[in-house]
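Per chain, numbering begins at 1; letters A, B, ... match sequence-line order.
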Number of protein chains: 2
Amino acid sequence: MTSLGEYALLDQSWHDVVPDAARRMLIAAAQAFADKGYHATTTRDIAARAGMSPAAVYIHYRSKEDLLFQISRIGHERSLKVLTGVQDPDPVDRMARTVASFARWHAEFRTTARVVQYELGALSPEHHAVVAELRRKIETHVRSMVEEGVRSGAFTVPDLKGTSLAVLSLCIDVARWYRPDGTRTPEQIGSLYADLVLRMLRTP
Amino acid sequence: MTSLGEYALLDQSWHDVVPDAARRMLIAAAQAFADKGYHATTTRDIAARAGMSPAAVYIHYRSKEDLLFQISRIGHERSLKVLTGVQDPDPVDRMARTVASFARWHAEFRTTARVVQYELGALSPEHHAVVAELRRKIETHVRSMVEEGVRSGAFTVPDLKGTSLAVLSLCIDVARWYRPDGTRTPEQIGSLYADLVLRMLRTP
DNA sequence: CTTATCTCTAAGCAACCGCTTAGTATGTCG
DNA sequence: CGACATACTAAGCGGTTGCTTAGAGATAAG
């Protein structure tokens with residue numbers, strides 16, 4: 001029920017959530033939302049996955065939507081950290097390593113990533129605004145990395161904004177198609193995607 | 001309510017659906033599913049969008065899931081047709097034109113595409129098997145196009161299956177991020193994507 | 001006219017939804 | 001020990017869900 005195997009698909013960020021029961025509930029909700037979608041998940045599902053009664057959800061969270069918001073917020077923050085955490089003086093190497101780790105994250109922590117990428121619409125307008133700001137930062141960061149490469153002469157792109165969006169889109173969609181039982185490891189997907197993106201961007 | 005403006009985001013395939021009320025119901029359902037998701041849409045929503053009573057849904061369809069299946073099936077068939085409809089003796093030109101029209105379709109008919117790509121999980125096992133077969137054909141077709149280019153020497157890829165999946169993934173994800181009020185037209189997205197994909201695949 | 005068929009609606013049923021209430025067990029501090 | 005706070009459950013409330021039933025209106029054939 002709470003084996004390491006199930007937790008392996010979740011990001012390490014959850015360790016900060018206290019108390020213990022609140023964290024178990026959040027993890028149960030993330031797994032349920034990723035598996036069936038927010039609207040198809042009932043609060044009874046979540047409580048059962050956490051091994052508690054339906055009412056226990058409301059000890060630690062205001063509502064079902066609050067659970068989604070916490071998962072989405074923490075997930076977006078982690079995703080942004082993965083994206084911006086790579087430092088490298090060379091724009092090409094930086095892009096390659098960033099794409100590799102960002103794409104890899106979407107495979108390895110697919111459970112979190114799916115909630116982050118596909119359940120935005122279920123957030124309240126106020127909560128949506130919070131994660132929308134984080135998403136804007138993600139888009140801006142990718143674009144500025146492409147821009148830097150273009151300035152250095154290493155990259156040549158026909159449409160800066162559109163190409164940046166395509167790079168980001170490619171990485172994000174990993175969360176949709178990746179299956180843990182497939183032939184490729186998250187690491188291998190990261191390497192492949194870094195290579196493909198450099199080919200897309202590099203000056204011929 | 002039933003202006004051309006709203007219908008413009010839907011594929012032309014729907015014209016085959018008869019009788020008239022059944023088609024209106026299917027289009028209303030597709031719009032609702034694309035907008036809010038299958039599980040967040042009620043049969044009363046669908047009926048109201050079609051301008052009929054809640055019970056009218058069940059005159060033409062067995063269930064809410066049956067509506068989803070019809071949309072998903074017709075959408076997948078259309079999507080496959082768009083993908084395989086391009087004929088060109090040159091593997092490079094064929095790939096470019098195919099990617100352009102496939103990516104363009106996901107932008108132009110975003111309503112249909114979103115149901116096709118993001119509501120698979122809500123189908124019954126039997127219905128899911130039907131569209132899964134169509135999806136396999138789509139994947140196979142992209143891979144054989146890449147393969148053909150590699151054989152001709154025009155393309156060089158490190159991982160045939162993985163790269164083909166990435167090309168397909170890039171086009172599909174257009175349905176997630178595209179907004180009709182954006183600066184790029186579906187046509188422009190198609191052109192950009194065709195260019196980006198060729199850069200990904202071409203022998204240096 | 002009657003009869004049959006098709007398409008639709010008004011009303012409603014059983015089940016399920018998110019969430020609340022009332023109460024219990026456990027631990028902590030004085 | 002009693003007083004209080006915390007974390008939980010059993011039970012259930014009001015509202016909504018997908019779907020059904022009974023019947024009305026329209027049309028067309030006999």
Side-chain angles (χ1 to χ4, degrees), chain A residues 1-2 14 16-72 115 119 121-128, chain B residues 1-2 14 16-72 115 119 121-128:
Chain A
M1 179 72 88
T2 54
W14 306 117
D16 299 339
V17 179
V18 284
D20 190 78
R23 182 174 60 255
R24 275 193 296 141
M25 202 69 85
L26 206 63
I27 289 169
Q31 290 174 334
F33 293 163
D35 194 38
K36 321 197 297 177
Y38 175 79
H39 289 291
T41 300
T42 68
T43 54
R44 286 163 178 86
D45 280 341
I46 297 166
R49 280 184 195 245
M52 302 175 92
S53 80
V57 171
Y58 299 91
I59 306 290
H60 302 287
Y61 299 95
R62 276 189 234 272
S63 64
K64 180 184 162 190
E65 193 270 346
D66 187 30
L67 269 166
L68 175 64
F69 174 57
Q70 298 305 331
I71 296 163
S72 191
V115 180
E119 301 297 344
L123 290 166
S124 73
E126 295 78 20
H127 288 163
H128 185 274
Chain B
M1 178 74 87
T2 54
W14 307 115
D16 299 339
V17 180
V18 283
D20 190 77
R23 182 174 61 254
R24 276 192 296 140
M25 202 69 84
L26 207 63
I27 288 169
Q31 290 174 333
F33 292 162
D35 194 36
K36 320 197 296 177
Y38 174 79
H39 289 290
T41 300
T42 67
T43 55
R44 285 163 178 85
D45 280 342
I46 297 166
R49 278 182 196 247
M52 302 175 90
S53 80
V57 171
Y58 299 90
I59 306 291
H60 302 286
Y61 300 94
R62 277 189 233 270
S63 64
K64 181 184 160 189
E65 193 270 346
D66 187 32
L67 268 165
L68 175 63
F69 174 57
Q70 298 305 330
I71 296 162
S72 191
V115 181
E119 301 297 344
L123 290 166
S124 72
E126 294 77 21
H127 288 163
H128 185 274

**Message:** Can you list everything that forms a ring-ring contact (aromatic ring centres under 6.0 Å, His included) with A/His127? Sequence neighbours excluded, please.
**Reply:**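 With neighbours one apart ignored, the set is A/Phe69.
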**A/Arg24/A/Asp20 ion pair, N-O < 4.0 Å** = yes
**Prompt:** Would a 4.5 Å heavy-atom cut-off, applied to side chains only, mark A/Val115 and A/Tyr38 as touching?
**Reply:** no
**Message:** Strictly under 4.0 angstrom, non-hydrogen atoms only: write out the protein contact profile of nucleotides 7-24 of chain D, one letter per nucleotide from the 5' end, B, S or -.
**Reply:** -BBB-B----BBBB----
**Item:** Spatial distance of atom CD1 (B/Ile71) from atom CD (B/Gln31) [nearest 0.5 Å]
**Value:** 9.5 Å
**Prompt:** Do the side chain of A/Glu65 and the main chain of A/Ser124 share a donor and acceptor less than 3.5 angstrom apart?
**Reply:**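 Between the backbone of A/Ser124 and the side chain of A/Glu65 there is a qualifying donor-acceptor contact (under 3.5 Å).
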